[in-house]
Number of protein chains: 2
Amino acid sequence: MALAPLPDHYRLPPFDEACAPRRLLRLFSGKWITMILHTLHLLGGGSRPGQLMRAIPGLSKKMMTQTLRDLESMGLVSREVRQIMPPEVVYRLTELGEVFVEPLEMLYRWGADHAADLERLASPAPQTDLQDR
Amino acid sequence: MALAPLPDHYRLPPFDEACAPRRLLRLFSGKWITMILHTLHLLGGGSRPGQLMRAIPGLSKKMMTQTLRDLESMGLVSREVRQIMPPEVVYRLTELGEVFVEPLEMLYRWGADHAADLERLASPAPQTDLQDR
DNA sequence: AGCCATGGGAACCTTTTGGTGACCAGGTCA
DNA sequence: TGACCTGGTCACCAAAAGGTTCCCATGGCT
């Protein structure tokens with residue numbers, strides 16, 4: 001972890017909700033966005049929709065399409081269509097997309113290295129039984 | 001970035017939604033969770049609620065209390081009460097909380113270093129005008 | 001009474017994200 | 001006809017996250 005300390009601009013209150021790091025966290029808050037970015041990365045930078053579906057359990061066609069469309073409009077993914085039968089569509093990480101894979105993979109690696117800590121992480125209690133405070 | 005490559009277990013499809021790195025991303029998907037963890041960290045590891053309110057624009061008392069309660073039940077934050085008048089409550093990062101501050105600060109630093117890329121990141125298009133594909 | 005300090009709860013609502021199930025298109029093969 | 005391959009859309013809904021507004025409590029001071 002040879003990262004420079006956080007610049008002053010980000011270290012003093014008030015902490016701006018729209019600052020650059022917050023934009024990153026906002027991007028990564030989407031369940032399927034990060035799953036799909038990660039999977040595209042692991043599949044060599046690009047993939048056809050069917051391959052994505054098979055690689056990601058629980059992903060519905062609807063969520064896949066919606067998320068890929070979002071990623072495309074954000075400029076993180078490109079969509080290439082070959083008008084043959086059956087059609088061939090390939091979604092590929094753009095240059096910008098590759099940039100953002102880096103922090104995502106940082107998190108994946110950190111998570112893999114700290115699986116034990118993540119096991120210790122309790123689920124938030126249901127919103128009852130918290131009267132004794 | 002001297003991190004080891006991702007273990008095989010995490011590199012081959014199918015990609016398990018409940019695996020350790022996904023749990024980390026799930027944790028970080030909460031808007032106020034990360035803001036409050038980051039702020040506690042920057043304020044020396046602990047803070048009183050009023051100080052948190054003043055440090056984080058846009059945070060309502062309701063969301064602050066709710067989020068602190070969640071963080072407490074997850075074991076990331078402790079709550080210490082001094083029964084004086086006016087009351088003194090201090091929320092403090094636990095050991096486990098300090099562990100999870102690390103990847104969060106990694107993201108903050110990455111975001112600070114790549115503000116230009118984050119500026120280039122377009123907002124997803126509204127769900128209209130996407131007929132021309 | 002009002003104000004200030006402190007910290008917190010509840011009712012209700014809005015917005016966002018994710019999910020279900022059905023449908024569409026073209027083509028090939030039995 | 002049906003099944004398969006490919007990729008995508010739509011209507012509607014559920015769940016989760018976040019937001020607004022009001023209320024509560026203690027004590028001290030004007």
Side-chain angles (χ1 to χ4, degrees), chain A residues 17-18 22 25-36 46-74 77 79-92 123-133, chain B residues 17-18 22 25-36 46-74 77 79-92 123-133:
Chain A
E17 177 183 355
R22 291 295 335 161
L25 282 156
R26 176 78 177 78
L27 173 67
F28 285 173
S29 64
K31 170 179 179 179
W32 297 115
I33 282 189
T34 50
M35 282 292 290
I36 288 176
S47 169
R48 295 172 63 185
Q51 190 185 17
L52 272 184
M53 288 294 293
R54 288 187 293 276
I56 308 183
L59 178 65
S60 66
K61 281 199 299 184
K62 185 254 187 185
M63 289 311 304
M64 174 186 71
T65 306
Q66 177 177 307
T67 306
L68 286 169
R69 177 190 300 153
D70 286 345
L71 287 168
E72 192 189 358
S73 75
M74 286 191 269
V77 159
R79 179 173 179 272
E80 301 157 18
V81 188
R82 285 224 294 163
Q83 302 282 16
I84 57 173
M85 197 37 66
E88 269 192 20
V89 179
V90 179
Y91 286 93
R92 210 176 289 282
S123 301
Q127 305 286 36
T128 59
D129 300 327
L130 293 176
Q131 341 273 32
D132 56 334
R133 50 194 342 161
Chain B
E17 178 183 354
R22 292 292 338 157
L25 282 156
R26 176 77 178 76
L27 173 66
F28 285 172
S29 64
K31 171 179 178 179
W32 296 116
I33 282 189
T34 50
M35 282 291 291
I36 287 177
S47 169
R48 294 172 63 185
Q51 190 185 18
L52 272 185
M53 287 295 293
R54 288 187 292 276
I56 309 184
L59 177 64
S60 67
K61 282 199 300 187
K62 186 254 188 184
M63 289 312 304
M64 175 188 69
T65 305
Q66 177 177 307
T67 306
L68 286 168
R69 178 189 299 154
D70 287 343
L71 286 168
E72 192 188 358
S73 75
M74 286 192 270
V77 158
R79 179 174 177 272
E80 300 156 18
V81 187
R82 284 223 296 163
Q83 301 283 13
I84 57 173
M85 196 36 66
E88 268 192 21
V89 179
V90 180
Y91 286 94
R92 211 176 289 282
S123 300
Q127 304 286 35
T128 58
D129 300 327
L130 292 177
Q131 342 274 31
D132 56 337
R133 49 188 351 159

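Only this structure's heavy atoms are used, side chains among them; waters, hydrogens and symmetry mates stay out. Below, chain A is the first sequence line, B the second, and so on; all start at residue 1. None of the values given here were measured: they were computed from a predicted structure.
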Output one line per pair: protein atom, nucleotide atom from nucleotides 15-18 of chain C, and distance, for all N/O pairs under 3.5 Å.
{"unit_1": "C/dT17", "atom_1": "OP1", "unit_2": "A/R26", "atom_2": "NH1", "d": "3.2"}
{"unit_1": "C/dT17", "atom_1": "OP1", "unit_2": "A/R26", "atom_2": "NH2", "d": "3.0"}
{"unit_1": "C/dG18", "atom_1": "OP1", "unit_2": "A/K31", "atom_2": "N", "d": "2.5"}

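- By the side-chain contact (heavy atoms from CB on, under 4.5 Å) test, B/R26 pairs with B/S29, sequence neighbours left out.
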Name the pairs: protein N/O against N/O of nucleotides 4-7 of chain C, kept only if under 3.5 Å.
{"unit_1": "C/dT6", "atom_1": "O3'", "unit_2": "B/R48", "atom_2": "NH2", "d": "3.3"}
{"unit_1": "C/dT6", "atom_1": "O3'", "unit_2": "B/P87", "atom_2": "O", "d": "3.4"}
{"unit_1": "C/dG7", "atom_1": "OP1", "unit_2": "B/R48", "atom_2": "NE", "d": "3.3"}
{"unit_1": "C/dG7", "atom_1": "OP2", "unit_2": "B/G50", "atom_2": "N", "d": "3.1"}

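- When rounded to the nearest whole Å, the span between CE of A/M64 and P of C/dG19 equals 14 Å.
- The OG1 atom of A/T65 sits 10.0 Å away from the CG atom of A/L52 when rounded to the nearest 0.5 Å.
- B/R69 places its CZ atom 8 Å from the C1' atom of C/dG9, with the value rounded to the nearest Å.
- Between the C1' atom of D/dA17 and the CG atom of B/L27 lies a distance of 15 Å, rounded to the nearest Å.
- Put simply, the side chain of B/R22 reaches to within 4.5 Å of the side chain of A/T34, judged on heavy atoms.
- Atom CE in B/M35 sits about 11 Å away from atom P in D/dG19, given to the nearest Å.
- Smallest separation of non-hydrogen atoms from A/E80 and A/R92: OE2-NE, 3.1 Å.
- For A/K62, the side-chain contact (heavy atoms from CB on, under 4.5 Å) partners two or more places apart in sequence, or in a different chain, are A/S60, A/Q66.
- The salt bridge (charged side-chain N to carboxylate O under 4.0 Å, His left out) test applied to A/E88 returns A/R48, A/R82, not counting sequence neighbours.
- Counting heavy atoms from C-beta outward, A/M35 and A/T67 have side chains that stay 4.5 Å or more apart.
- For D/dG7, neither phosphate oxygen OP1 nor OP2 lies less than 4.0 angstrom from any side-chain nitrogen or oxygen of A/R82.
- Atom CG of B/D70 is separated from atom P of D/dA17 by 8 Å (rounded to the nearest Å).
- Taken from CZ in B/R69 to OH in B/Y91, the straight-line distance is 8.5 Å, to the nearest 0.5 Å.
- Here the CD1 atom belonging to A/I36 is positioned 4.5 Å from the CG atom belonging to A/L68, to the nearest 0.5 angstrom.
- Taking atom CD of B/Q83 as the reference point, atom C1' of C/dG8 lies 13 Å away to the nearest angstrom.
- Rounded to the nearest 0.5 Å, atoms CE (B/M64) and CD1 (B/I56) are 9.0 Å apart.
- Between the axis at the start and the axis at the end of the helix from C/dA1-D/dT30 to C/dA30-D/dT1 there is an angle of 40°, using five pairs per end and rounding to 10 degrees.
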